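This report concerns only the one structure given below.
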There are 2 protein chains.
Amino acid sequence: MQWTKVLGLGLGAAALLGLGIILGHFAIPKKANSPAPSISAPQDLDLEILETVMGQLDAHRIRENLRELSREPHLASSPRDEDLVQLLLQRWKDPESGLDSAEAFTYEVLLSFPSQEQPNVVDVVGPTGDIIHSCHRTEENVTGEQGGPDVIQPYAAYAPSGTPQGLLVYANHGTEDDFKELQTQGIKLEGTIALTRYGGVGRGDKDVPVIQPDSTDRHWLGCAEMTFAVARGTAINDLCKHHLAHGKIGLSWLPQLRKEEEEQDISGVERGSYYKYFGDPLTPYLPAIPSSFRLDLANVSGFPPIPTQPIGFQDARDLLCNLKGTLAPATWQGALGCHYRLGPGFRPDGNFSADSQVNVSVYNRLELRNSSNVLGIIHGAVEPDRYVLYGNHRDSWVHGAVDPSSGTAVLLELSRVLGTLLKKGTWRPRRSIVFASWGAEEFGLIGSTEFTEEFFNKLQERTVAYINVDIAVFANATLRVQGTPPVQSVVFSATKEIRSPGPGDLSIYDNWIRYFNRSSPEYGLVPSLGSLGAGSDYAPFIHFLGISSMDIAYTYDLSKTSARIYPTYHTAFDTFDYVDKFLDPGFSSHQAVAQTAGSIILRLSDSFFLPLKVSDYSETLRSFLQAAQQDLGALLEQHSISLGPLVTAVEKFEAEAAALGQRISTLQKGSPDPLQVRMLNDQLMLLERSFLNPRAFPEERYYSHVLWAARTGSVATFPGLSNACSRARDTASGSEAWAEVQRQLSIVVTALEGAAATLRPVVDL
Amino acid sequence: MQWTKVLGLGLGAAALLGLGIILGHFAIPKKANSPAPSISAPQDLDLEILETVMGQLDAHRIRENLRELSREPHLASSPRDEDLVQLLLQRWKDPESGLDSAEAFTYEVLLSFPSQEQPNVVDVVGPTGDIIHSCHRTEENVTGEQGGPDVIQPYAAYAPSGTPQGLLVYANHGTEDDFKELQTQGIKLEGTIALTRYGGVGRGDKDVPVIQPDSTDRHWLGCAEMTFAVARGTAINDLCKHHLAHGKIGLSWLPQLRKEEEEQDISGVERGSYYKYFGDPLTPYLPAIPSSFRLDLANVSGFPPIPTQPIGFQDARDLLCNLKGTLAPATWQGALGCHYRLGPGFRPDGNFSADSQVNVSVYNRLELRNSSNVLGIIHGAVEPDRYVLYGNHRDSWVHGAVDPSSGTAVLLELSRVLGTLLKKGTWRPRRSIVFASWGAEEFGLIGSTEFTEEFFNKLQERTVAYINVDIAVFANATLRVQGTPPVQSVVFSATKEIRSPGPGDLSIYDNWIRYFNRSSPEYGLVPSLGSLGAGSDYAPFIHFLGISSMDIAYTYDLSKTSARIYPTYHTAFDTFDYVDKFLDPGFSSHQAVAQTAGSIILRLSDSFFLPLKVSDYSETLRSFLQAAQQDLGALLEQHSISLGPLVTAVEKFEAEAAALGQRISTLQKGSPDPLQVRMLNDQLMLLERSFLNPRAFPEERYYSHVLWAARTGSVATFPGLSNACSRARDTASGSEAWAEVQRQLSIVVTALEGAAATLRPVVDL
């Protein structure tokens with residue numbers, strides 16, 4: 001630098017000083033409505049602002065949001081869904097409490113609906129064609145909310161239409177192994193109708209075994225499958241008992257909940273998408289704007305191959321408990337109060353005549369519909385090109401008070417509190433904050449996926465982290481967070497400072513650690529974060545874009561329930577009163593989630609140094625490595641595959657991550673230059689990207705993250721390695737399958753070495 | 001911001017002022033050996049430094065570099081190649097003129113060599129098995145440099161070994177259409193040896209038609225192909241005449257060049273790689289480190305399927321001019337001084353008996369060899385995490401004075417001049433400068449490709465631009481630049497300030513515009529940049545990583561020659577004396593390239609605002625769009641495909657690029673904050689990335705750039721669209737081929753819309 005330049009800078013700084021004092025003194029209350037991007041001074045997290053936000057997040061307002069959001073069913077692309085788009089736009093454009101700007105982005109996407117004229121039916125049909133028994137087509141209208149015209153019939157979205165009929169068999173969870181077991185038991189599947197139970201595999205994967213081209217079950221394609229909620233029935237019981245024990249649910253509320261204690265008259269049926277992938281089915285990797293190329297329907301993969309219809313607890317019991325045939329294996333038994341048999345067909349001494357068949361008539365239709373995302377933004381004052389992205393979907397199956405409106409109610413309260421500070425001029429974040437209300441999540445994360453397809457590069461280059469709050473409150477026991485390791489520290493920092501709802505004076509952190517914990521080699525006992533699958537809109541962000549993501553909710557004490565999900569999930573009983581009276585009276589758990597998310601948003605958007613601790617990936621990598629060594633090492637050695645390079649790569653990552661942490665600590669003690677901090681922050685932000693490899697799993701749509709892709713192999717290690725080993729295990733050395741193991745190992749090593757390279761001092765070669 | 005913070009900042013600034021004056025005044029001469037990253041003041045391009053660098057780039061030193069570099073053959077992975085690695089390391093670690101650091105990165109890559117014991121031969125064999133004629137196995141030892149033990153026999157790298165024998169046919173360029181033409185002419189290809197001539201398609205593509213699985217030529221696989229240099233022969237003549245006309249080549253130099261004027265005794269043969277793709281053949285998408293997964297040889301695609309051997313001008317004439325059979329089509333005729341016939345076999349009245357056959361014996365071997373890149377870096381003072389990358393390969397076929405040592409000689413002179421300023425403490429660039437000497441380029445850009453595979457994310461996130469100078473001087477007429485549009489403006493700025501070599505007082509720019517020019521809608525007549533194929537190490541940077549790239553050289557007056565390349569290309573005659581005496585005596589063209597590259601490096605690394613003009617993409621997009629409309633519009637309309645969305649996308653890009661240009665202009669008039677400029681610069685740097693789509697062309701290895709991927713279709717528009725249209729043209733609407741046209745159109749539209757989105761103000765949704 002030349003001395004004349006230094007002089008110029010110094011004079012400028014002196015002038016700034018005077019101006020600063022005057023401005024600082026007289027300009028209170030401060031006005032920050034227009035972005036002030038020329039400020040490069042180290043604006044940092046302001047604890048007073050944080051405290052203000054924590055104090056202003058209001059349980060009562062969340063309750064009022066929820067009442068409005070869940071007043072009517074708001075299925076994706078329905079008129080009420082569109083009304084809510086307008087509601088969000090209005091809130092986010094409010095002059096007193098809105099954001100800097102808000103906009104709706106509409107896509108034309110392929111959805112699936114049952115016919116309004118011809119409902120889907122599941123009947124037991126006698127030998128003369130007479131209908132002996134009809135499964136319920138709708139849920140019982142208990143509260144007056146289950147009978148409205150906008151309550152969609154329970155159905156399996158994307159299941160094809162068709163009217164197959166045949167003898168009934170029981171197929172456990174409907175996995176490939178389950179169907180093989182039936183064949184082993186001598187049961188011919190051709191021409192039968194399969195009754196499967198909830199769980200085991202995801203909805204979209206239930207049918208897969210029967211359509212594999214080389215499957216011996218191919219002849220079975222003309223038949224049908226039904227999914228019902230045995231496991232959910234159980235879950236309801238467990239949950240109710242748990243809630244009773246905690247004094248939160250009286251036996252008096254819903255008649256069917258009370259009766260369900262006696263396992264009677266449970267009419268709730270779970271709707272859901274049976275599409276195997278996510279995103280709009282017609283436009284993979286392309287945004288579903290009207291002009292985009294759309295696949296011919298014949299070329300779409302991932303839809304269920306056979307007509308499918310979900311049924312409820314009572315109907316499932318009536319069908320299953322009347323089956324004849326061999327007793328099902330012990331692991332196939334359940335809680336319906338009878339011995340489960342395999343079929344085919346009904347027993348002669350039961351409710352149906354022995355030669356009765358089951359008819360499944362599905363009249364689902366595929367329709368191109370408009371579905372919108374709503375995006376709202378608070379412009380960052382200093383680094384407006386760094387986005388902290390917070391989102392939830394808006395669409396529900398019916399009223400969706402819990403799913404997703406509990407999350408949307410929190411979203412609106414968060415945007416109100418931050419928007420109000422913004423509009424008052426009290427605060428503007430260092431980085432930009434983007435709020436998102438996604439459309440058509442229930443059909444397969446469609447809105448969020450289309451968004452990532454449309455703005456792939458922009459988002460990948462600029463997004464600091466993605467925070468998802470879908471179902472905010474499953475239950476009241478504890479916080480539950482799923483996320484990638486770099487977000488662990490910011491979640492811990494936030495939750496240590498917020499009081500847990502309920503009696504006592506614990507922090508959310510201290511309560512959380514009682515329910516979910518692990519022993520960390522570095523930190524000792526800490527709350528354990530779950531890993532991110534594809535259950536909500538975080539999926540495209542983490543798997544497709546490689547953006548550090550998290551999903552936040554309040555949930556059960558899993559030691560006291562085997563519940564996968566709350567009892568009214570995807571039914572017409574997921575209503576405001578259910579939340580208000582039983583799930584979270586007083587909305588203190590909702591408030592706790594809002595405070596947690598709000599604190600995380602502020603920390604990510606306002607901290608001078610990004611609170612993403614990349615060295616927290618080291619424990620994950622080390623545990624994956626150890627699993628590989630312990631559970632695969634001998635096998636790999638037999639096939640002359642060395643884990644040595646993986647060991648080296650993990651060690652290199654650990655060393656580089658630790659060294660970067662040291663450099664940050666040193667820098668934090670000084671008064672670092674904003675550009676210098678920006679460069680470090682870029683290393684932190686972009687680490688997650690270095691684990692992406694779009695060519696690693698060509699058969700897995702969108703899944704590019706070599707650490708978090710879907711793992712089908714049993715060993716809890718790097719998914720590509722685990723899956724490849726699982727496939728290669730029974731093949732000879734030198735097979736293509738073992739070559740794929742080696743390829744997957746090299747992909748992981750390359751990713752880890754590349755990640756370590758991004759963490760090194762930026763001038764290192 | 002709180003007033004206490006303003007006060008703190010102001011006090012800090014005041015302190016800084018005092019310190020700055022003291023430092024600025026007393027610290028001259030300035031010492032910049034250690035990076036000073038805490039400086040965020042707008043360090044900008046320093047014109048005095050620029051002038052110093054221009055003045056210090058020394059033609060004589062370039063000549064001395066070249067003498068040393070080309071003293072011995074330095075084939076990839078040979079001992080002399082390793083010696084040059086050490087030479088580069090030594091230069092770049094020199095305490096007086098070296099860089100901040102330098103390191104060699106070694107890969108284990110699959111190369112192909114002829115056997116040392118058993119040379120490849122091409123013989124004419126009589127009916128009794130006696131050898132009637134043997135093609136030259138080596139080039140004539142004219143200067144004493146063609147006969148050394150390290151001069152590798154001419155060969156087709158990666159061609160398989162084998163000893164086929166059969167009647168000779170002439171197959172023009174050896175394209176699919178050429179072989180079809182032979183079949184149309186009634187010639188059975190089975191059992192024949194094909195003689196093909198230079199050009200038409202690249203080396204690696206010559207054989208492709210005969211291995212297409214559905215090709216009717218499949219039976220022809222047992223035979224052989226020879227490539228010889230008819231076109232090059234022509235080129236030699238043209239070039240010599242041209243050089244004569246410019247007084248640069250006397251007739252007295254090399255006997256064979258003189259004789260060649262009479263088309264006699266030309267013994268030069270072009271070596272080259274016949275691998276179809278680039279990068280190490282065994283490790284696509286993975287760095288070829290020892291532990292990486294390597295393909296089984298049986299699974300490698302892209303090698304020539306049949307034994308192949310190149311022969312020279314005289315041998316080609318002897319074979320071709322003795323063929324019998326139908327006269328070849330007019331477009332197949334050439335300059336060998338006889339009528340070209342198709343064969344099969346020789347005419348009875350020629351040099352060989354009519355039933356003579358040709359035997360091609362190839363004994364090439366594949367070998368895993370170590371090959372190194374050498375990387376050297378100058379740490380950026382302010383933005384060390386932004387890399388200006390400059391490179392050339394180091395390996396040659398023989399002495400490689402022109403290819404690649406002319407470029408390496410320039411590279412070393414550039415690093416010396418900049419290194420000296422650095423070590424003296426006179427200068428340190430704002431951003432980091434990385435110099436690269438790539439290994440094994442001649443075998444298929446292997447070193448550079450492995451480098452991009454190993455450091456994919458780091459490079460993609462941080463590299464401002466890649467500058468390639470491979471052959472620095474083809475000839476002395478004019479500068480020639482290939483590059484993507486954003487680099488046009490910096491090349492223009494640089495070349496306007498540098499005097500052109502040769503008589504007169506023109507700038508390089510003013511000279512250049514006389515030879516290569518185009519009429520720009522925005523600027524009027526300007527020099528025209530060529531587009532980047534895959535001819536040198538820029539290929540992985542632009543196609544795989546999406547980094548704005550350029551290739552710089554001095555070259556021919558193309559109006560006076562049809563030469564594709566200089567006469568001694570890839571022969572043992574590409575020696576220092578050839579350059580020194582004939583190609584560029586005085587090395588003024590070398591110096592001009594060094595100055596051009598040096599100025600570009602300084603502008604890219606030192607300018608406060610990155611000199612990448614993204615709006616210069618608008619003209620390219622507009623011309624692609626116009627070509628699509630004019631040459632494909634009617635066809636597309638017949639198949640109900642609208643170009644409307646493409647028009648909209650191009651318009652949106654144009655508007656956003658122009659608006660960004662405006663914002664930059666406005667900002668440049670003020671005194672912008674370094675963070676603000678960094679954010680804008682990131683938009684400029686990352687624009688090129690937004691044209692990448694790794695799923696656009698799954699069959700094209702590494703090619704992901706939707707604007708510059710290889711174009712096989714005839715219409716000069718977006719390559720995916722052009723190629724898909726070319727394939728769909730003769731199919732019915734509704735075919736898969738037309739669906740692919742629509743898909744490719746959507747891919748381009750999505751890329752352009754995404755690119756426009758990255759150019760918008762960063763807070764726009």
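Below, chains carry the letters A, B, ... as their sequence lines are ordered, and counting in each starts from 1. If you're wondering where the values come from, they're calculated on a predicted model, not measured in any experiment.
For B/D764, the part sitting under 4.5 Å from any heavy atom of chain A is the backbone (N, CA, C, O) and nothing else. Using a 4.5 Å cut-off between heavy atoms, A/I378 does not touch chain B at all. With a 4.5 Å cut-off on non-hydrogen atoms, A/A102 touches chain B through its backbone but not through its side chain. For A/P672, no part lies under 4.5 angstrom from a heavy atom of chain B. If you measure heavy-atom distances from A/F455 to chain B, the contacts under 4.5 Å come from the side chain alone. Heavy-atom distances place no part of A/V741 under 4.5 Å from chain B, backbone and side chain included. Contacts between A/E753 and chain B at a heavy-atom distance below 4.5 Å are absent for every atom of the residue. With a threshold of 4.5 angstrom between heavy atoms, A/S432 approaches chain B through side-chain atoms but not through N, CA, C or O. Neither the backbone nor the side chain of B/I641 comes within less than 4.5 Å of any heavy atom of chain A. Only the side chain of A/E736 comes within contact range of chain B, with heavy atoms under 4.5 Å apart.
Put simply, of B/G754, B/P645, B/A757, the one with the most heavy-atom pairs under 4.5 Å next to chain A is B/A757. Contacts with chain B were tallied for A/R386, A/Q742, A/E453, A/Q460; A/Q742 has the most, counting heavy-atom pairs under 4.5 Å. Of all the listed residues (B/V434, B/L765, B/T758), the one sharing the greatest number of non-hydrogen pairs under 4.5 Å with chain A is B/L765. Put simply, of A/P698, A/P694, A/A755, the one with the most heavy-atom pairs under 4.5 Å next to chain B is A/P694.
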Extract all donor-acceptor atom pairs below 3.5 Å that involve side chains of residues 284-297 of chain B and protein atoms in other chains or at least two apart in sequence.
from	atom 1	to	atom 2	distance (Å)
B/Y285	OH	A/R695	NE	3.3
B/Y285	OH	B/Y702	N	2.9
B/S292	OG	B/P287	O	2.6
B/R294	NH1	B/I289	O	3.2
B/R294	NH1	B/P290	O	3.2
B/R294	NH1	B/S292	O	3.0
B/R294	NH2	B/E108	O	2.7
B/R294	NH2	B/A288	O	3.3
B/R294	NH2	B/I289	O	3.2
B/D296	OD1	B/A298	N	3.1

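Using a 3.5 Å distance cut-off with no hydrogens or angles, the side chains of B/D385 and A/Q683 do not pair a donor with an acceptor.
Atom NZ of residue B/K458 and atom CG of residue A/L759 lie 10.0 Å apart, to the nearest 0.5 angstrom. Here CD of B/E461 is found 8.0 Å from CE of A/M685. Values are rounded to the nearest 0.5 Å.
Residues A/Q676 and B/E383 are not in side-chain contact: their nearest non-hydrogen atoms beyond the backbone lie 4.5 Å or more apart. Counting heavy atoms from C-beta on, the side chains of B/R678 and A/D682 come closer than 4.5 Å. Within the 4.5 Å cutoff, no side-chain heavy atoms of B/L686 are placed close to those of A/N457. Between B/R462 and A/V762 the shortest side-chain heavy-atom distance falls below 4.5 Å. Inter-residue side-chain proximity for A/E454 and B/T750 is flagged as unmet; no heavy-atom pair is nearer than 4.5 Å. Residues B/V382 and A/L675 meet the side-chain proximity criterion, which asks for heavy atoms closer than 4.5 Å.
Take B/R689 and apply the side chain to side chain donor-acceptor pair (under 3.5 Å) test, not counting sequence neighbours, and it matches no residue.
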